[in-house]
Amino acid sequence: EPEVTQTPSHQVTQMGQEVILRCVPISNHLYFYWYRQILGQKVEFLVSFYNNEISEKSEIFDDQFSVERPDGSNFTLKIRSTKLEDSAMYFCASRAEGIGTDTQYFGPGTRLTVL
Amino acid sequence: DQQVKQNSPSLSVQEGRISILNCDYTNSMFDYFLWYKKYPAEGPTFLISISSIKDKNEDGRFTVFLNKSAKHLSLHIVPSQPGDSAVYFCAASARGFGNEKLTFGTGTRLTIIP
């Protein structure tokens with residue numbers, strides 16, 4: 001069964017460093033998302049991406065964040081200068097296009113630890 | 001922001017019995033609802049969804065009920081099995097209004113007692 005994959009599973013970085021989290025969405029999906037979950041809190045929406053542009057972003061997704069689909073398979077989230085409060089699980093999700101394809105399928109997540 | 005609420009942080013159910021997980025929402029624009037199951041250190045796994053034009057959707061042991069007037073939905077698992085022990089998240093979106101971001105509840109930890 002096709003699934004969303006994410007790398008790395010765990011990333012440790014120093015405050016102020018740049019990190020790139022990688023995702024490979026399900027192959028025929030065209031809508032891509034990033035969510036995050038800070039320990040003990042809800043899963044929160046960060047950004048949605050379609051047709052090579054951001055379609056929606058939350059207030060969390062400030063200028064320090066960016067997303068990119070550098071090729072036909074990868075979808076990345078970049079945090080330019082990490083802060084302690086960016087420590088969280090980051091989940092990538094994707095969904096297909098078309099009628100009856102509203103379900104977002106999630107990857108296993110990347111645990112980001114900012115020291 | 002408490003647009004989606006799961007008021008029971010935990011629930012314990014005997015194996016073979018029915019598990020009922022509840023979710024309330026406040027945003028009238030939500031028109032699509034999903035249940036996800038999550039194990040520790042894994043991503044949310046899709047279980048079942050329901051559109052606001054329906055009041056019930058069934059898939060095997062899982063049934064979701066939607067009460068739009070009460071802004072309430074529930075997930076029934078019958079019969080409950082030990083592998084069902086996980087955290088269950090309710091999520092909602094306003095896709096008919098062009099807003100497909102998912103808003104999640106805080107989750108309910110379900111424990112199935114053998």
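Naming convention: chains lettered A, B, ... in sequence-line order (proteins, then strands); numbering from 1 in each chain.
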Shortest non-hydrogen contact from A/Lys42 toward B/Val4 = NZ-O, 3.3 Å
Roughly how far apart are B/Tyr32 OH and A/Thr103 OG1, rounded to 0.5 Å?
-> 3.5 Å
Side-chain heavy-atom pair A/Tyr35, B/Leu102 within 4.5 angstrom cut-off = yes
When you look at CZ of A/Arg111, are more than 12 heavy atoms from neighbouring residues, nucleotides or ligands closer to it than 6.0 Å?
-> no
Using non-hydrogen atoms only, which part of B/Leu34 is less than 4.5 Å away from chain A: side chain, backbone, both, or neither?
-> side chain
For atom CZ of A/Arg80, decide whether the heavy atoms of other residues, nucleotides or ligands shown that lie under 6.0 angstrom number more than 12.
-> yes
So do A/Glu44 and B/Phe104 actually touch side chain to side chain, heavy atoms under 4.5 Å?
-> no
Distance, nearest 0.5 Å, that separates NZ of B/Lys101 from OG of A/Ser48 = 9.5 Å
Does atom CZ of B/Arg61 have more than 12 heavy-atom neighbours from other groups under 6.0 Å away?
-> yes
Same cluster (ILVMFWY, side-chain, under 4.5 Å), B/Tyr25 and B/Tyr88 = yes
Nearest heavy atoms of A/Phe106 and B/Pro44, plus distance in Å = CB-O, 3.3 Å
Scanning both residues in full, the closest heavy-atom pair of A/Glu56 with B/Glu100 reads OE1-N, 4.2 Å
Quick one: what part of B/Glu42 sits under 4.5 Å from any heavy atom of chain A, side chain, backbone, both or neither?
-> backbone
B/Ala91 portion near chain A, given a 4.5 angstrom heavy-atom threshold | neither
Could you tell me whether B/Lys54 atom NZ has more than 12 heavy atoms of other residues or ligands within 6.0 Å of it?
-> no
Please indicate whether A/Leu39 has more than 12 foreign heavy atoms, meaning atoms of other residues, nucleotides or ligands, lying under 6.0 Å from its CG.
-> no
Side chain / backbone / both / neither for B/Phe89 at chain A, heavy atoms under 4.5 Å | side chain
Between B/Lys38 and A/Gln37, does a side chain to side chain contact (heavy atoms under 4.5 Å, CB included) hold up when you go through it step by step?
-> CA-CA 12 Å; B/Lys38 188 178 179 303; A/Gln37 185 180 28; 3.7 Å; yes
Report, as yes or no, whether the 6.0 Å neighbourhood of atom CG on A/Asp63 holds more than 12 heavy atoms from other residues, nucleotides or ligands.
-> no
Decide if atom NZ of A/Lys57 counts as having more than 12 heavy atoms of other residues, nucleotides or ligands within a radius under 6.0 Å.
-> no
